[in-house]
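For reference, the structure is listed below as structure tokens.
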Amino acid sequence: MAESFKKLALEYHSNFPCGKLQVLPSKPMATQSDLALAYSPGVAIPCKEIADSPSLASKYTMRGNLVGVISNGTAVLGLGNIGALASKPVMEGKAALFKKFAGIDVFDIEVDETDTEAFCETVARLEPTFGGINLEDIKAPECFEIEANLRSRMTIPVFHDDQHGTAIVSAAAVINSLELVGKSIEDIKIVANGAGAAALACLDLLVSFGAKLDNITVCDRQGVVHSDRTDDMDCYKARYARKTNKRSLTEALNGADVFLGLSAGKVVSAPMVAAMASNPLILAMANPEPEIRPELVKSVRDDAIIATGRSDYPNQVNNVLCFPFIFRGALDVGATEINEQMKQACARAIAEIAKVEASDVVLSAYGSEALRFGPEYIIPKPFDPRLILEIAPAVAQAAMDTGVAERPIKDMEQYRQDLTRFVYQSGMLMKPVMEKAAADPKTLVFAEGESSRVLQAAHQAIANGIATPILIGSKSNIHEKTIELGLALDVENDIQVVDPETVSLEPYAATLHSLVGRNGIAPKEAARGVRNDPSVLAFCMLARGEVDAAICGTNGRFGHHLTRLDGIVGQKSGAVNYSTLNALVLPSGTVFLADTYVNSNPTAEDIAEITIQAAATLKSLGVTPKAALLSNSNFGDRPNKSSKKMKKAASILQQRKVDFEFDGEMNADAALSVALRQNVMPNSNLKGAANLLIMPNADAAHISLNLIKSLAGGVSVGPIMMGAAQPAHIVSQSITVRGLLNMAAIAVVDAQTNI
């Protein structure tokens, strides 16, 4: 692992506040009255209510949305038995995924105990705190005993994700693969390599779907698990021991239909795969090195369907497809357990998502070629926004059908609507954009190439495979900075540097003069411009087709850069103005604001155009736009010049019959609160909370952006330039390294679309 990456990982975890989690109050505590309600004497009232009726705990406390992620650190993925304390960063990460993907709060608890009974005693006593327990990274066979013990003692869901999460996602892959090749689960021969918690759970779930025990062969380090074997056996493996003459994995795979790999890297060879049945399914899920690489499988079997645990191959078997959403459904109905039917419902829902044609929003986020049901796409992407909308209701319904739901949902359709609030609340807005950029990287020039932030972002862009960076600046200064920052960047080989002091600038000066010569710029002034102004040189490189996208703005005024962009790159055909869009990733969700930088006082026509541009940009990021045109007036209750402008803009959008939801003019609180909006406008065209806030002027937009970001702890992505003829973005001077990396990915996706 590169030293620079280790340094980044440690900085990431040590930046204040340390770690990846913090606890924040969910109610106001600003006044004496607030404190009286939150604590003494007001807190006594819900305490008495819960004492009289324990089920009310989920109404008056966070328990109904709180999961305990609990481990003793005896089997941490890729690290082994590192102990409870050392496992804490992993458990915090798991907790963060629960929150990001499904809005579930988590306390991570690391228990320094390896004795099974003592561990169970500790966890069982925590039941009043939690609505569910996610066991994590506990070694086999103790994990089987612990889960069984706790399930029998506790009246809340207990779920060992290492077992069941893997089982559910792999079952979905098997279901869809068998459909593609026309095989029946009752007939297939399955070989599992690995007899640990995950492997046995995978087999158990497949048996519940109809797989026959007589058709299953399990292998481990000692070879085939058979009925005559006595070495290294336990009661859990023994369930799958059967009478057979086969003694090795090679023998077992001969004629097999499905390989389940949950073992070690490179234990399967090409000849072993060649001996499998027609149209084999190979789930090589060892990480980071699979049992066999997909390219090796393809070299001998072009009829194979392949899945791995890695994100750089199609069909990633990733537990994040499952655990946030199965808990979401279980918690929302107050389930007392996660039973077999709920696991089956989760697997079926995952499988169905891959088969149903993805929406334009999802396709635009990931790239259309990657999301068509077939051998390269048998399970959804981990960041598919449909996961929570389909899995949680399916799990909740299964809980109700099997009688384990203490709070049944009365209106399932309304529940589905309510779940939309979690979509893009994840803060994972950029993940599909990064994936799409990495699928087809482009050449990207950074104007301020000597900036430390730009150098770090360029390094990360290379590491993530999203772009080929070109830096404008002094080659010697850039080389010295990379050494100073400890970046593993070779200025000669990894990145291209355009040094104005050493390269010939005549072609760029000629390009600049041809574009702006009739605006009073003489040839000598054009030459000075490309030599002294890096954004001018960057935009000239873009105009000449030498790069696919350009980023500037870490130094200098936004207006200065915009003037250069307008003169050299110009507006997109059909665009009537430039505008900018900022995403604000907040604890409560992601919202977009426009126009934050360009138009100081736009007309109604400008507002309509900005809204259309912004909606198109949201779609390119994989977000379904819901636009609210904001004003101090709420649907005509305070008519003035500004509110009339926003009302007219809404009318223009109506006339143009745009293909996204919008409404206005309205107050900001009405845009974000469905209840408030329904009080004043029950038949609003906008359904659910708005995620695209269109401001009446730049003052309102810029003030709102910085105010919300500062007060709510939001992370800004942008500004994203809209309306330019080519992919060119002007960032803010205060942008972070992560912000620059985000903008690099957006610029690359912009270039993919532009081409």
Side-chain angles (χ1 to χ4, degrees), residues 77 165-183 185 188 190-194 198-199 202 205-206 209 256-263 265-266 268 273 276-323 325 346-358 362-363 365-384 386-387 390-391 431-432 434-436 438-439:
L77 181 65
T166 305
I168 288 167
V169 180
S170 61
V174 171
I175 289 168
N176 278 350
S177 296
L178 295 181
E179 180 175 324
L180 283 171
V181 300
K183 294 182 181 179
I185 195 167
I188 59 170
I190 302 170
V191 174
N193 196 50
C202 288
L205 190 56
L206 290 176
F209 273 112
D257 296 285
V258 175
F259 170 71
L260 283 175
L262 290 134
S263 51
K266 299 183 178 180
V268 176
V273 171
M276 292 179 70
S278 63
N279 303 116
L281 168 62
I282 297 163
L283 294 161
M285 296 179 280
N287 250 327
E289 181 63 39
E291 284 82 0
I292 183 169
R293 290 267 183 157
E295 53 267 31
L296 188 54
V297 174
K298 292 293 187 183
S299 71
V300 293
R301 295 301 296 263
D302 58 7
D303 61 340
I305 298 176
I306 313 158
T308 70
R310 294 172 55 128
S311 61
D312 54 346
Y313 289 111
N315 300 323
Q316 184 191 14
V317 179
N318 190 327
N319 288 15
V320 81
L321 286 168
C322 164
F323 70 81
F325 316 116
C346 185
R348 289 193 186 98
I350 293 171
E352 195 61 31
I353 291 169
K355 289 190 290 185
V356 175
E357 184 177 354
V362 177
L363 292 175
Y366 283 100
S368 59
E369 293 304 314
L371 293 181
R372 304 293 182 190
F373 181 52
E376 299 285 292
Y377 180 60
I378 56 173
I379 45 178
K381 292 278 190 176
F383 294 84
D384 193 317
R386 299 172 295 172
L387 289 167
E390 298 301 328
I391 296 174
K431 177 62 178 178
M434 291 282 183
E435 287 196 7
K436 189 174 181 182

Could you go through the side chain to side chain contact (heavy atoms under 4.5 Å, CB included) check for Leu260 and Met285 one step at a time? CA-CA 8 Å; Leu260 283 175; Met285 296 179 280; 3.9 Å; yes

Could you work out, with side chain to side chain donor-acceptor pair (under 3.5 Å) as the rule, every residue matching [X], not counting sequence neighbours?
X	value
Asp303	Arg301
Asn193	Ser263
Thr166	Asn319

Checking the side chain of [X] only, and the main-chain atoms of [Y] only, is there a donor and an acceptor separated by less than 3.5 Å?
X	Y	result
Asn287	Gly309	yes
Glu291	Lys266	no
Ser177	Val174	no

Nearest 0.5 Å please: distance from the [atom1] atom of [X] over to the [atom2] atom of [Y].
X	Y	atom1	atom2	answer
Ile391	Glu352	CD1	CD	12.0 Å
Cys322	Ile350	SG	CD1	5.5 Å
Leu178	Asn279	CG	CG	10.5 Å
Asn315	Ile378	CG	CD1	4.0 Å
Leu387	Ile353	CG	CD1	4.5 Å
Leu281	Ser170	CG	OG	9.5 Å

Could you report the tightest heavy-atom contact between [X] and [Y], atom names first, then the distance?
X	Y	value
Ala354	Phe373	O-CB, 3.4 Å
Ala286	Gly265	CB-N, 4.2 Å
Val320	Phe325	O-CE1, 3.3 Å
Pro288	Pro290	O-CD, 3.5 Å
Val268	Val273	CG1-CG2, 3.7 Å
Leu262	Cys202	CD1-SG, 3.9 Å

Holding to ring pair (Phe, Tyr, Trp, His ring centres under 6.0 Å), I want the full list of residues that pass it with Phe259, two or more places apart in sequence or in another chain. none

Partner residues of [X] under the side-chain contact (heavy atoms from CB on, under 4.5 Å) criterion, sequence neighbours left out:
X	result
Ala351	Ala172, Ile175, Asn176
Asp257	Lys183, Ile188, Lys189, Ala277
Pro375	Leu180, Ile305
Lys298	Ile306, Glu376

Contact list for residues 279-288, test salt bridge (Lys or Arg N to Asp or Glu O under 4.0 Å), sequence neighbours left out: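 Output for this query is empty, none listed.
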
Sequence neighbours excluded, every pair satisfying salt bridge (Lys or Arg N to Asp or Glu O under 4.0 Å) that has a member inside residues 311-320: Arg310-Asp312

Should Met276 and Val191 count as side-chain neighbours, where that means a heavy-atom distance under 4.5 Å? no

Side chains of Thr308 and Pro294: does their closest heavy-atom pair fall under 4.5 Å?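 When only atoms from C-beta onward are counted, Pro294 and Thr308 do touch, with a gap below 4.5 Å.
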
Listed by chain and number, what are the salt bridge (charged side-chain N to carboxylate O under 4.0 Å, His left out) partners of Arg348, not counting sequence neighbours? none

